[in-house]
Engineer: 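Quick one: the structure is below, and I'll ask about it shortly.
Naming convention: chains lettered A, B, ... in sequence-line order (proteins, then strands); numbering from 1 in each chain.
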2 protein chains.
Amino acid sequence: MSFTYDYARPALTTDCVVFGLDEEDLKVLLIQRAIKPFKDQWALPGGFIQVGEDVDDCARRELEEETGLKNIFLEQLATVGTPKRDPREHVVTVAYYALVNLIEHPPTAATDAKHAAWFALDDLPKLAFDHADILKLAHERLRGKVRYQPIGFELLPEKFTLTELQKLYELILEQTFDKRNFRKKVAKLDILEETDELEQDVARRAARLYRFDRSRYRVLIKQGINFEL
Amino acid sequence: MSFTYDYARPALTTDCVVFGLDEEDLKVLLIQRAIKPFKDQWALPGGFIQVGEDVDDCARRELEEETGLKNIFLEQLATVGTPKRDPREHVVTVAYYALVNLIEHPPTAATDAKHAAWFALDDLPKLAFDHADILKLAHERLRGKVRYQPIGFELLPEKFTLTELQKLYELILEQTFDKRNFRKKVAKLDILEETDELEQDVARRAARLYRFDRSRYRVLIKQGINFEL
DNA sequence: TCAAAAGTGTTCATCTTACACCCATGG
DNA sequence: CCATGGGTGTAAGATGAACACTTTTGA
């Protein structure tokens, strides 16, 4: 079966930069390509858009097919359509970035033939196509966005300690914060709900667990409050 | 001549939301469609991407062909690919927004058969396709972006008064500012160059003209300074 | 001489930053 | 009992917001 058009069309794909957080690193989920071009090289998960499929849906579908991830935070990043970025033909890709927490989404999530694995941002393999550029763009967006929207919570488990939250921001923004000042700012945002639970199995005083309060967040957004750290 | 592919492909277009500023309004440049669908309705300038053409180049080309505008500030906004947004078939569009100053780019800029005209944001005609949604998105982006990047200058002539600058921000952000505080903030940004020229032909004390200092701006950006008003 | 907008400082409240010690826990 | 990170307050400086009058000019 084939499809014929009066004018030539570029191919259309989606690609997704999935960020995850573990104890000490910000990581990215990559897949190893099973087919040419760039066979066996690491690449961003993604694939071709189907006619009749919404672009966002395509990104979610490809992500689930190739990595098993679903129901995660996913947001459009940019569209890149430089003619030579794919050696086969002109391929325009709509890039997305996603945030997951590594504890609830373990590394061995691939469901098809390809491998999927997490890589620390400062220890990446050589990437296929222009995916290194897209990844860099995604990292910049994450750094920018995290300052005025509390999307960082997407990288944490449901309940987390304030120190974990602080480490997250330090990793993304590549700077350190004073513990007392950080806690003051977070408290003032008024989007954390204190639970009555403590950390488990730690060889020291256990820290209190907090939960991100989405409904409170929505109220504050409507009132026009901003979340800069 | 025709083109055949193994899999169906959505069509790919670019559309552009062009903002312009005159004395009292923020305006948008629209074209009147010469062909079906939505014949004679107003729409965003844009058109189909050619194979081998960079997506950004396509946006610039279509803009020049349909409105005569070139060498203006243009930035990608988002890609929308809802299947039913075009009644003919699945069309994915990469939306852009552009900023020009109306004085240097007069309203009658169309070079092909269609009309092009400026409309105040609060007095828009019914738009073709989902262009009203795209326009709304662009306006939100402009409001957001103007707060931390001095792109507002793209809407002003080369030399402008501080009052004009303030009016611009008030129009985009839909709020008013205190004249003294506004001037203090702008002065602290240190990106304006004072000229030795004054306004001409005004029936009152003439205001001093200033110029945006791009080189100074680039230096400040590298130092990581932010431009919030 | 009037109308219209230009231009200009100070005060008070708020926010930001820098900084150090005791506490609770498990090993 | 010790090592480890948890948790907490204050003071000084910087920043942001509110506010009104004199000046210049052309009509």
Side-chain angles (χ1 to χ4, degrees), chain A residues 21-24 146-148 150 156-157 159-171 173-211 220 223-229, chain B residues 21-24 146-148 150 156-157 159-171 173-211 220 223-229:
Chain A
L21 187 78
D22 71 5
E23 315 293 285
E24 57 251 22
V146 95
R147 287 186 169 280
Y148 57 93
L156 292 174
K159 296 169 191 169
F160 50 84
T161 68
L162 294 178
T163 301
E164 284 168 348
L165 183 63
Q166 182 173 345
K167 271 199 187 135
L168 181 159
Y169 276 92
E170 292 180 340
L171 276 171
L173 298 175
E174 290 168 329
Q175 63 179 284
T176 58
F177 294 98
D178 174 84
K179 183 162 58 159
R180 280 169 291 189
N181 293 340
F182 182 85
R183 283 164 188 238
K184 259 182 288 179
K185 279 182 195 167
V186 168
K188 194 149 51 81
L189 295 184
D190 193 24
I191 49 172
L192 289 195
E193 188 187 340
E194 186 176 322
T195 73
D196 50 10
E197 292 171 63
L198 301 178
E199 273 181 304
Q200 297 298 318
D201 305 315
V202 287
R204 54 178 153 80
R205 174 173 178 183
R208 181 164 300 275
L209 295 176
Y210 291 79
R211 195 200 324 258
L220 292 175
Q223 292 171 8
I225 290 183
N226 93 321
F227 293 89
E228 236 175 292
L229 289 169
Chain B
L21 187 79
D22 70 6
E23 315 292 286
E24 58 251 21
V146 94
R147 287 186 170 279
Y148 57 92
L156 292 175
K159 295 169 190 170
F160 50 85
T161 68
L162 294 178
T163 300
E164 283 169 348
L165 184 63
Q166 181 173 346
K167 270 200 188 134
L168 181 160
Y169 276 92
E170 291 180 340
L171 276 171
L173 298 175
E174 291 168 330
Q175 62 179 285
T176 58
F177 294 99
D178 174 84
K179 182 161 58 156
R180 280 168 293 188
N181 292 340
F182 182 84
R183 283 165 187 238
K184 260 183 287 179
K185 279 183 195 166
V186 168
K188 194 147 52 80
L189 296 183
D190 193 23
I191 47 171
L192 289 195
E193 188 187 339
E194 186 176 321
T195 72
D196 50 9
E197 292 172 63
L198 302 178
E199 273 183 304
Q200 297 297 319
D201 305 315
V202 287
R204 50 171 157 83
R205 175 173 179 183
R208 181 164 300 276
L209 295 175
Y210 292 79
R211 195 198 325 257
L220 292 175
Q223 294 171 7
I225 290 183
N226 93 321
F227 294 88
E228 235 175 293
L229 288 168

Engineer: Whole-Å distance between dG7(D) C1' and E199(A) CD?
Structural biologist: 13 Å
Engineer: Checking contacts here: which listed nucleotide (dC19(D), dA27(D), dG26(C)) is nearest the side-chain heavy atoms of A203(B)?
Structural biologist: dA27(D)
Engineer: For the side chain of K179(B), starting at C-beta, report the closest nucleotide among dA18(D), dA6(C), dT16(C).
Structural biologist: dA6(C)
Engineer: Hey, which of these two, D178(A) or R204(A), hits DNA chain D nearer its 5' end, going by closest nucleotide?
Structural biologist: R204(A)
Engineer: Given dG6(D), dA27(D), dG9(D), which nucleotide is nearest the side-chain atoms of N181(A)?
Structural biologist: dG9(D)
Engineer: Does a nitrogen or oxygen in the side chain of T163(A) sit under 4.0 Å from OP1 or OP2 of dG5(D)?
Structural biologist: no
Engineer: If I take atom CG in residue L198(B) and atom P in nucleotide dG26(D), what distance separates them, rounded to the nearest angstrom?
Structural biologist: 10 Å
Engineer: Can you measure F182(A) atom CZ to dT17(C) atom P for me and round it to whole angstrom units?
Structural biologist: 13 Å
Engineer: For N181(A), which of K179(A), K184(A), R183(A) qualifies under side chain to side chain donor-acceptor pair (under 3.5 Å)?
Structural biologist: K184(A)
Engineer: Can you tell me the distance, in whole Å, between the CZ atom of R180(B) and the C1' atom of dT8(C)?
Structural biologist: 8 Å
Engineer: Between dA6(C), dT25(C), dA18(D), spot the one nearest the side chain of K184(B), thanks.
Structural biologist: dA18(D)
Engineer: Grab the CG-P distance between L209(B) and dA6(C) for me, whole Å please.
Structural biologist: 12 Å
Engineer: Can you tell me how far C1' of dA18(C) sits from NZ of K185(A), to the nearest Å?
Structural biologist: 12 Å
Engineer: Under a 4.0 Å N-O cut-off, is there an ion pair linking E197(A) with R211(A)?
Structural biologist: no
Engineer: For the pair made of CD in Q175(A) and P in dT16(C), what is the distance, rounded to whole Å?
Structural biologist: 14 Å
Engineer: Given dT25(D), dT8(D), dG9(D), which nucleotide is nearest the side-chain atoms of R183(A)?
Structural biologist: dT8(D)
Engineer: Would you kindly compare K188(A) and T161(B) by the position of their nearest DNA chain C nucleotide and give the one closer to the 5′ end?
Structural biologist: T161(B)
Engineer: Give the rounded distance in Å between these two atoms: CD of E164(B) and C1' of dA5(C).
Structural biologist: 13 Å
Engineer: Check for a donor-acceptor pair, side chain of Q200(A) on one end and backbone N or O of L198(A) on the other, with a separation under 3.5 Å.
Structural biologist: yes
Engineer: What heavy-atom pair brings A206(B) and E199(B) nearest, and what distance separates the two atoms?
Structural biologist: CB-O, 3.4 Å
Engineer: Please report the shortest heavy-atom distance between V186(B) and L192(B), naming the atom on each side.
Structural biologist: CG1-CD1, 3.4 Å
